[in-house]
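Step one of this worksheet: look at the structure below.
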Amino acid sequence: MRIALFATCIAETMFPQAPVATVRLLERLGHEVLFPPGQACCGQMHTNTGYLDQAVPVVRNHVAAFAPVLDGEWDAIVAPSGSCVGSVRHQQAMVADRVGDRGLARDAAAVAEHTYELSELLVDVLGLTDVGAHFPHRVTYHPTCHSLRMVHVGDRPLRLLRAVDGIDLVDLPEAESCCGFGGTFALKNAETSAAMVGEKVRNVISTGAEVLTAGDYSCLMNMGGRLSRHGTGVTVAHLAEILASTREAPWEPAFLPRSAQAVKP
Amino acid sequence: MPNVRPQPAHAPAHPLRWGEPFPEAAHETLANGQMRRNLAHATRTIRDKRLRVTAELPDWEALRDAGAAIKHQVMSELPALLVELERNVTARGGHVHWARDAEEANRIVTDLVRAKGADEVVKVKSMATQEIGLNEHLEAEGITATETDLAELIVQLAGDMPSHVLVPAIHRNREEIREIFAGRMADAPAGLTGEPRELAMAARAHLRAKFLTAKVAISGANLAVAETGTVAVFESEGNGRMCLTLPETLVTVMGIEKLVPTFRDVEVFAQLLPRSSTGERMNPYTTLWTGVTPGDGPQEFHLVLLDNGRTKALADEVGRQALHCIRCSACMNVCPVYEHTGGHAYGSVYPGPIGAILTPQLLGTGTKGSLPHHDATASLPFASSLCGACYEACPVKIDIPTALVHLRGRMVEAEQRRPLPTGWATAMRSAAAVMTSGSRFAVAARAAGLGRVAARGERIGRLPGPLAGWTSVRDVPAPPRQSFRQWWSQHESEER
Ligand code: SF4
């Protein structure tokens with residue numbers, strides 16, 4: 001399949017390991033991956049902060065960058081982020097409608113129909129649960145709010161993880177409660193957000209996992225930042241990084257926790 | 001008695017607007033460890049119970065759809081349905097009064113109580129009367145109102161503010177309640193312990209005396225049926241049944257949105273409400289009354305229909321779904337923000353996710369002409385991480401996250417009418433400029449890589465400015481050596 005990658009703005013700039021892993025994984029599975037260079041952001045940050053008018057040109061840019069999917073140039077669009085896929089599906093058309101741009105709303109909805117979150121693409125479109133990954137670590141999985149309640153990925157990520165060779169997958173208590181990120185919520189309501197991430201991290205630590213995984217780097221940045229400050233030794237890795245990891249090309253953590261770094265030569 | 005300190009310590013000037021913006025109010029409540037433990041325990045218990053009993057019903061999703069559909073119908077036909085309700089209540093011997101705002105509603109109720117020569121009334125727990133500050137108003141007029149719901153009584157005795165729609169004393173534990181009763185309830189038995197049964201019996205004895213002497217009762221309504229003029233109260237303790245049947249006169253204050261078109265519709269809400277709110281299959285007491293019945297129950301019935309900002313909310317296409325709310329409180333019990341901050345942080349009698357969308361609309365915050373930065377309630381739509389748990393739990397499928405985003409848009413629009421842009425406005429404008437072009441974004445991404453200079457090792461520690469709150473408890477990873485785009489162009493050339 002010809003698959004267009006929507007890297008997402010935060011992963012592109014801060015966590016390239018997620019889109020890189022997505023590319024490596026899909027290419028290993030025999031697919032062709034393309035990167036439409038016109039892309040930047042889905043507009044979620046503006047929309048969720050209340051700057052809905054400013055979101056319109058951002059949405060317009062995204063839709064233009066991915067419009068070739070409508071002419072059959074690509075078979076699908078994939079993003080390593082439930083949150084950005086949720087915004088593409090549930091916010092872009094709304095933002096366009098609000099300013100009366102029906103054409104943009106229609107195109108946005110059409111592009112959204114071809115856009116998949118990584119686990120959806122693997123399980124529903126490519127029909128896979130075992131992607132041939134090898135990851136010999138104790139892992140716990142946090143289902144991010146938007147992948148859970150906006151995109152409804154369900155247990156697809158867990159099915160993919162369970163099929164990984166060598167993995168020791170442990171349940172996260174209170175897994176479905178929010179980690180407290182919420183985009184600018186973490187800045188505007190910093191104290192409340194801190195209380196939420198504090199509780200999330202207590203639950204993560206209680207599992208004894210070495211690696212915390214999720215389908216979204218924004219949430220992983222929040223939880224990982226807290227885990228690192230605590231010096232817990234728990235590392236974060238995107239679902240794509242785990243699935244891309246093989247015996248031949250094992251995963252290398254990009255964001256090392258404090259304690260792990262101390263022992264680095 | 002430090003535990004009995006009223007919270008907030010100052011009596012609110014306005015029941016819908018207590019004072020501080022959410023982040024400041026949350027600062028105060030987040031510091032209260034005991035309250036947070038009480039809340040976490042209570043919300044978790046109700047949450048689990050609700051999930052168990054809703055899972056039992058094979059048609060739960062269909063019931064939610066039916067509830068949502070009925071509410072949509074009510075909103076689109078509201079004026080006609082209200083007139084129909086008025087006609088049917090009047091035809092069956094009741095009296096209907098229309099109140100534009102809190103002041104009018106309070107005056108109507110006070111005049112009715114006065115006309116009966118009463119200086120004491122018993123009350124059934126009601127959000128509508130809390131919203132208009134009726135108890136305080138009656139007190140100022142020399143009329144004592146006694147709350148007969150156990151949790152509401154605790155809040156009233158403590159001089160406290162409610163922190164939850166259904167369990168207003170959710171932030172209190174048994175020991176605190178024992179102290180409140182022992183210290184503030186004149187007829188509390190000596191040697192009262194914190195045993196739930198003992199506490200309940202003390203309240204029961206205290207209230208029994210009131211039920212038997214009060215001439216006037218005041219209630220709210222869970223719903224009213226336009227077709228028949230029937231009004232309903234759903235409750236757990238039986239105190240409501242006492243108030244609704246014993247006194248000679250009954251005054252019900254009801255928001256104009258709490259209507260259903262036909263009697264048949266009651267079945268939907270009779271299932272949705274108890275399972276969503278207390279996690280019970282059915283609430284122990286459901287009282288329905290239609291006008292007056294000679295020789296049975298109150299012989300005089302007054303229905304006060306309250307607007308108080310509701311028609312303002314109705315005018316907003318997206319925001320109006322807040323009026324679908326049946327006040328079950330499921331959204332607060334699942335909300336992680338509420339769980340940590342408690343209801344007081346929302347600064348209104350309507351806390352939690354529904355409060356965040358209802359309160360600013362009832363007050364008209366963010367509409368043209370208002371200046372939201374002066375208004376604490378403008379902070380409420382931002383008091384959410386948009387995790388969506390509330391939408392998932394709501395029995396009438398109110399899309400609270402979308403309404404929050406919509407209201408954020410209205411607050412920002414009102415902000416932007418100010419002559420000077422705020423820091424946020426400037427940041428959002430420049431971010432938008434970068435994010436509307438792949439090439440501009442590529443440049444910005446490379447520049448972010450230069451931020452590595454600021455980082456020692458692989459992460460960034462404490463930072464000043466807008467990131468202070470973030471970095472006070474979390475590290476920020478240093479930007480990567482290579483942006484994705486840089487990696488991609490290398491990868492692409494290697495492939496060729
Ligand atoms: S918004 Fe929905 S969940 Fe919240 S109190 Fe109202 S009806 Fe219940």
I'd like to check A/Arg229 versus B/Val473 (side-chain heavy atoms, cut-off strictly below 4.5 Å). Are they in contact? no
In short, A/Cys9 meets B/Met435 closest at the heavy-atom pair SG-CE, 3.9 Å
Heavy-atom pairs under 4.5 Å with chain A: which of B/Gly438, B/Pro23, B/Cys335 has the most? B/Gly438
At a heavy-atom separation under 4.5 Å, does A/Leu148 approach chain B through its side chain, its backbone, both, or neither? neither
Considering only heavy atoms and a distance below 4.5 Å, find which of B/Ala442, B/Pro381, B/Ala432 pairs most often with chain A. B/Ala432
Are the side chains of A/Thr47 and B/Val405 in touch, meaning some heavy atoms are under 4.5 Å apart? yes
Quick one: does B/Leu386's side chain get under 4.5 Å of A/His146's, heavy atoms only? yes
For A/Arg149 and B/Cys387, indicate whether the former's side chain and the latter's backbone hold a donor-acceptor pair under 3.5 Å. yes
Under 4.5 Å heavy-atom distance to chain A, tell me which part of B/Phe484 shows up: side chain, backbone, both or neither. both
Is A/Glu176 atom CD crowded by more than 12 heavy atoms from other residues, nucleotides or ligands, each under 6.0 Å away? no
Looking at A/Cys178, A/Ala190, A/Ala186, which makes the most heavy-atom pairs under 4.5 Å with chain B? A/Cys178
More than 12 non-hydrogen atoms from neighbouring residues, nucleotides or ligands closer than 6.0 Å to NE2 on B/His27, yes or no? no
Would you check if A/Thr184 and B/Phe382 make a side-chain contact, meaning some heavy-atom pair closer than 4.5 Å? no
Which atoms form the tightest heavy-atom contact between A/Met196 and B/Val337, and what is the distance? SD-CG2, 3.9 Å
Residues from residues 56-69 of chain A approaching chain B under 4.5 Å (heavy atoms): A/Pro57, A/Val58, A/Asn61
Can you tell me how far CZ of B/Arg429 sits from CG of A/Asp53, rounded to the nearest 0.5 angstrom? 11.0 Å
Hey, what do you get for OG1 (A/Thr49) to CE (B/Met411), rounding to the nearest 0.5 Å? 14.5 Å
Identify the heavy atoms of B/Trp488 and A/Val33 that sit nearest to each other, and give their distance. CH2-O, 3.4 Å
Got A/Lys188 and B/Trp424 here, is their nearest side-chain heavy-atom distance under 4.5 Å? yes
Of the backbone (N, CA, C, O) and the side chain (C-beta and beyond), which part of A/Met150 lies under 4.5 Å from a heavy atom of chain B, both, or neither? neither
For the student: nearest non-hydrogen atoms of B/Leu30 and A/Ala195, plus distance: CD2-CB, 3.9 Å
Taking all non-hydrogen atoms of both residues into account, name the closest pair between B/Gln482 and A/Pro16 and its distance. O-CG, 3.4 Å
Which atom names give the shortest non-hydrogen contact between B/Ser384 and A/Phe185, and what distance separates them? O-CD1, 3.3 Å
Listed by chain and number, what are the salt bridge (charged side-chain N to carboxylate O under 4.0 Å, His left out) partners of A/Asp107, not counting sequence neighbours? none
Turns out that what part of A/Leu34 lies under 4.5 Å from chain B's heavy atoms comes down to backbone
Got a donor-acceptor contact below 3.5 angstrom from the B/His340 side chain to the A/Ser193 backbone? no
Between CH2 on residue B/Trp487 and CD on residue A/Gln17, distance to nearest 0.5 Å: 12.0 Å
Heavy-atom pairs under 4.5 Å with chain A are the metric here; pick the option from B/Ala26, B/Ser483, B/Ser437 that has the most. B/Ser437
Just wondering, do B/Trp470 and A/Val197 contact through their side chains at under 4.5 Å, heavy atoms? no
Hey, are A/Asn48 and B/Arg408 close enough side-chain-wise for a donor-acceptor pair under 3.5 Å? no
Pairing of B/Arg47 and A/Glu174 as salt bridge, 4.0 angstrom limit: yes
Does any part of the side chain of A/Phe15, heavy atoms only, come nearer than 4.5 Å to the side chain of B/Pro477, both counted from C-beta? yes
pair A/Met221-B/Arg474: side-chain heavy atoms closer than 4.5 Å: no
Is there a donor-acceptor pair closer than 3.5 Å between any side-chain N or O of A/Tyr51 and the backbone N or O of B/Ala425? yes
